[in-house]
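Quantities reported herein were computed from a predicted structural model and do not represent experimental measurements.
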Amino acid sequence: FRLDPHIETWLKTKPADVRFVRTPAALNPVWEGSARGFYSLEIMGGGLVEKTHGPLFRASHEAPARIFDENSLAAFYARYGVDQAKFHSLFNSFAVTGKVMQSKTLAQKFQLDGVPAVVVNGKYVVSGEDRKVLDVVNYLITKERSRK
C-alpha cells in the first residue's frame with residue numbers, strides 16, 4: 001500500500017521498453033481470495049483491474065475493510081460496474097485457478113515470503129515500501145541493458 005503511489009508515479013515515466021506486470025501474491029488462503037478476484041477482473045477485461053485497484057487497496061488498508069472472500073469482493077466490485085454473476089462464474093473457474101497456480105509458482109520461484117516485491121528481468125527481487133525500491137529497479141534496468 002505504501003509502495004503503490006511510488007509505482008503509479010514511476011509507471012508514468014518508465015522507459016518504453018520496460019514491461020510492468022502487476023501480479024497478486026497468493027501466499028496464503030486469504031490472499032488467494034484476493035488473487036482470484038484480481039484474475040476474475042483481468043479475464044473480464046475492460047480496464048476493470050486498473051479501475052478498481054486503487055479503491056480496493058485504499059478500502060483494504062485505510063478502513064480497513066475485510067474484502068477478501070468471493071462475496072465481499074463481488075459486492076465491492078459491483079460498485080465499479082462489475083457484473084456480479086459473471087464475477088461469481090469466474091471466481092473458481094479453471095482459468096482463474098490456473099492463474100492462481102501460476103502466481104504461486106512465481107512466488108516459489110522467487111522465494112517470496114511477503115509483499116511488496118518487484119522482480120526485474122526474472123533475476124532480481126527488490127523488496128521495500130518506499131521510493132528507494134524504484135531507485136534500485138531503475139539501477140537494475142540499466143544494469144540489464146548494459147549486458148545486452
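Proximity of Pro15 to Arg145: side-chain heavy atoms (C-beta onward) are separated by under 4.5 Å at one or more points. Between Arg79 and Thr52 the shortest side-chain heavy-atom distance does not fall below 4.5 Å.
With hydrogens and angles disregarded, a donor-acceptor distance shorter than 3.5 Å links the side chain of Arg36 to the backbone of Phe91. Panel note: side chain Lys51, backbone Tyr80; a donor-acceptor pair is recorded below 3.5 Å. Side-chain atoms of Ser103 do not come within 3.5 Å of backbone N or O of Lys99 as any donor-acceptor pair. At least one donor-acceptor pair closer than 3.5 Å links the side chain of Asp130 to the backbone N or O of Lys132. At least one donor-acceptor pair closer than 3.5 Å links the side chain of Ser146 to the backbone N or O of Lys143. Panel note: side chain His53, backbone Val49; no donor-acceptor pair is recorded below 3.5 Å.
When hydrophobic clusters are built by joining Ile, Leu, Val, Met, Phe, Trp and Tyr residues whose side-chain heavy atoms come closer than 4.5 Å, directly or via intermediates, Leu11 is grouped together with Val18. Grouping the Ile, Leu, Val, Met, Phe, Trp and Tyr side chains by contacts below 4.5 angstrom, directly or via other members, places Val119 apart from Leu134.
Annotation for Ala59 and Ile67: closest pair CB-CD1, 3.8 Å, computed over non-hydrogen atoms. Taking every heavy atom of both residues into account, Leu27 and Asp113 meet most closely at CD1-C, 4.0 Å. Scanning all heavy atoms of the two residues, the minimum distance from Ile43 to Ala95 falls at CD1-CB, 3.7 Å. Closest approach of Phe110 and Gly122 over heavy atoms only: CE2-O, 3.4 Å. In this structure, Met44 and Leu48 approach most closely via the heavy-atom pair CB-CD1, 3.8 Å.
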Legend entry - Residue pair Arg58, Phe1: steps toward the side-chain contact (heavy atoms from CB on, under 4.5 Å) verdict: CA-CA 8 Å; Arg58 284 187 294 281; Phe1 180 67; 4.0 Å; yes

Inset, instruction - Output, in order, the C-alpha distance, side-chain angles, deciding distance and verdict of side-chain contact (heavy atoms from CB on, under 4.5 Å) for Val118 and Tyr124. - result: CA-CA 8 Å; Val118 180; Tyr124 308 99; over 6 Å; no

Inset, instruction - Show the numbers, then the answer: is there a side-chain contact (heavy atoms from CB on, under 4.5 Å) between Leu41 and Phe87? - result: CA-CA 7 Å; Leu41 292 189; Phe87 179 84; 4.2 Å; yes

Inset, instruction - Take Lys104 and Glu32 through the test side-chain contact (heavy atoms from CB on, under 4.5 Å) and record every step on the way to the result. - result: CA-CA 9 Å; Lys104 288 179 180 182; Glu32 182 175 325; 2.9 Å; yes

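Considering CG of Asn71 and CZ of Phe76, their distance stands at 15.5 Å, rounded to 0.5 Å. Separating the CG atom in Leu56 from the OG atom in Ser34 is a distance of 6.5 Å, to the nearest 0.5 Å. Within the model, atoms CD of Glu129 and CG of Leu3 stand 7.5 Å from one another, a figure rounded to the nearest 0.5 Å. With rounding to the nearest 0.5 Å, the separation of CG in Leu106 from CG in Leu112 is 8.5 Å. From Phe38, atom CZ reaches atom CG of Leu73 across 12.5 Å, with rounding to the nearest 0.5 Å.
Salt-bridge formation is detected for the pair Asp4/Arg22: a Lys NZ or Arg NE/NH1/NH2 atom is positioned less than 4.0 Å from an Asp or Glu carboxylate oxygen. Salt-bridge annotation for Lys12 and Glu8: absent, with no side-chain N of the basic residue lying under 4.0 Å from a carboxylate O of the acidic one.
In this view, His88 and Glu70 satisfy the side chain to side chain donor-acceptor pair (under 3.5 Å) rule, not counting sequence neighbours. Scanning for side chain to side chain donor-acceptor pair (under 3.5 Å) contacts around Tyr139 gives an empty result, with sequence neighbours left out.
Within a 6.0 Å radius of CZ in Phe94, other residues, nucleotides and ligands contribute 12 heavy atoms or fewer.
Defined by atom type and a distance below 3.5 Å, a donor-acceptor pair is missing between the side-chain atoms of Thr9 and Arg131. Using modelled atom types and a 3.5 Å distance limit, the side chains of Tyr77 and Gln84 yield no donor-acceptor pair.
Put simply, the residue from Thr142, Ile141, Val136, Leu140 that forms a side chain to side chain contact (heavy atoms under 4.5 Å, CB included) with Asn138 is Ile141.
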